[in-house]
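These values consider heavy atoms only, across backbone and side chains, with no hydrogens, waters or symmetry-generated copies.
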Amino acid sequence: SFYQTLEASAAAAAAAAAAMAHFFTQEYFQIPVVTRAYTTACVLTTAAVQLEVITPFQLYFNPDLIIRRYQIWRVITSFLFFGSLGFSFLFNIIFLYRYCRMLEEGSFRGRTADFVFMFLFGGIVMSLFGLFANIFFLGQAFIIMLVYVWSRRHPLIRMNLFGLLNFQAPFLPWVLMGFSLLLGNSIVVDLLGEKRLCKIWFSFFLCRRMMFDQPEDPDYRPLPRQDEDLQDDEQQN
């Protein structure tokens, strides 16, 4: 009958929706944890602004409000908002997801703590630069930093932009800066996330590796473990 057909169609639609939800949930939790957390935070923040739950005035980087009124959240939220929904937001989110994930699954695979450390160090130094550059939202500069780090770690990869321009990976941040200039955006943000910060980051990270990852001394003899001593005693007895 008509009602049975309608019920069957509704059941099939519900089953398809459940299968799709399961697929997206499974795919979502396969994203590396740092990339997943940062991308989700950016999307939720933009959605909250779009729904008028919060306003950009509650999010922007303002040292005076942070220090005098203890609005500490602005240190974080200034990295989470990329403007209203549109081409610019979509462009930033795609680049954020792509290069953050490639870094986390590539150069920082199995080294989540180092990746988080890079996030914290980059955010702190970028905030200090933001004091002098009068930049209210630092998310775009942070994306440029991730792109710059990835491009320097993969210097031989050939890239193509919109099928028009071929170049090697180290030139990608500069190509993006030119693209931003063509769109009429300020390139100060791109420069903030590019060479100055990344040179500081690489120098600091190099010093950190030199301090904690020293090569092993060939004359070093580790102390025997307790279980090895017990085995030697048993063999002697």
Side-chain angles (χ1 to χ4, degrees), residues 21 24-25 27-29 31-101 103-104 115-150 173 176-194 196-198 200-201:
F24 281 114
T25 301
E27 288 295 316
Y28 176 75
F29 284 103
I31 301 173
V33 60
V34 178
T35 303
R36 183 171 70 237
Y38 186 36
T39 306
T40 302
C42 293
V43 172
L44 290 179
T45 301
T46 302
V49 172
Q50 195 72 18
L51 295 173
E52 298 183 354
V53 177
I54 55 177
T55 69
F57 296 104
Q58 297 172 288
L59 306 175
Y60 75 97
F61 183 71
N62 187 319
D64 185 63
L65 294 177
I66 292 171
I67 296 172
R68 296 188 179 183
R69 298 192 182 182
Y70 309 106
Q71 297 182 3
I72 308 298
W73 67 83
R74 292 179 181 273
V75 176
I76 299 174
T77 56
S78 61
F79 289 93
L80 303 180
F81 183 63
F82 298 106
S84 59
L85 292 176
F87 177 76
S88 179
F89 169 77
L90 185 63
F91 185 82
N92 284 316
I93 286 295
I94 290 174
F95 269 77
L96 165 63
Y97 170 77
R98 176 178 173 81
Y99 290 98
C100 188
R101 181 167 185 171
L103 273 176
E104 191 170 2
F115 197 48
V116 172
F117 178 81
M118 188 190 81
F119 264 60
L120 293 176
F121 181 81
I124 291 171
V125 177
M126 200 170 294
S127 297
L128 294 176
F129 282 142
L131 292 174
F132 304 100
N134 293 322
I135 298 176
F136 300 121
F137 293 101
L138 300 167
Q140 186 176 345
F142 195 82
I143 294 174
I144 294 295
M145 183 198 76
L146 294 175
V147 172
Y148 187 90
V149 173
W150 178 86
L176 293 180
M177 185 173 65
F179 184 70
S180 179
L181 191 63
L182 287 175
L183 291 177
N185 299 325
S186 172
I187 62 172
V188 175
V189 174
D190 297 47
L191 292 173
L192 177 62
E194 210 157 318
R196 289 182 297 172
L197 174 61
C198 292
I200 293 174
W201 156 246

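- Every residue was checked against the side-chain hydrogen bond (donor to acceptor under 3.5 Å, both in side chains) condition with S84, not counting sequence neighbours, and none meets it.
- In terms of the side-chain contact (heavy atoms from CB on, under 4.5 Å) criterion, E52 has no residue partners (sequence neighbours excluded).
- Residues V43 and Y97 have side chains not in contact (no heavy-atom distance under 4.5 Å, counting atoms from C-beta outward).
- Considering only residues two or more places apart in sequence or on other chains, R74 meets the side-chain hydrogen bond (donor to acceptor under 3.5 Å, both in side chains) condition with Q71.
- Here the straight-line distance linking atom CE of M145 with atom CG of L138 works out to 11.5 Å at 0.5 Å rounding.
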| F119 and L146: CA distance, side-chain angles, deciding distance, side-chain contact (heavy atoms from CB on, under 4.5 Å) verdict | CA-CA 9 Å; F119 264 60; L146 294 175; 4.0 Å; yes

| said: I'd like to know whether I143 forms a side-chain contact (heavy atoms from CB on, under 4.5 Å) with F91, so could you lay out the CA-CA distance, the side-chain angles of the two residues, the decisive distance to 0.1 Å, and finally the verdict. | reply: CA-CA 11 Å; I143 294 174; F91 185 82; over 6 Å; no

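- In terms of the ring pair (Phe, Tyr, Trp, His ring centres under 6.0 Å) criterion, residue partners of F79 (sequence neighbours excluded) are, by chain and number, F142.
- Checked against ring pair (Phe, Tyr, Trp, His ring centres under 6.0 Å), F89 has no partners two or more places apart in sequence or in another chain.
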| Audit row: V75, I66, side-chain contact (heavy atoms from CB on, under 4.5 Å) steps and yes/no | CA-CA 8 Å; V75 176; I66 292 171; 3.7 Å; yes

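- Within the structure, side-chain hydrogen bond (donor to acceptor under 3.5 Å, both in side chains) pairs that include any residue of residues 36-48 comprise Y28-T40 (at least two apart or interchain).
- A donor-acceptor pair under 3.5 Å is formed between the side chain of W73 and the backbone N or O of Q58.
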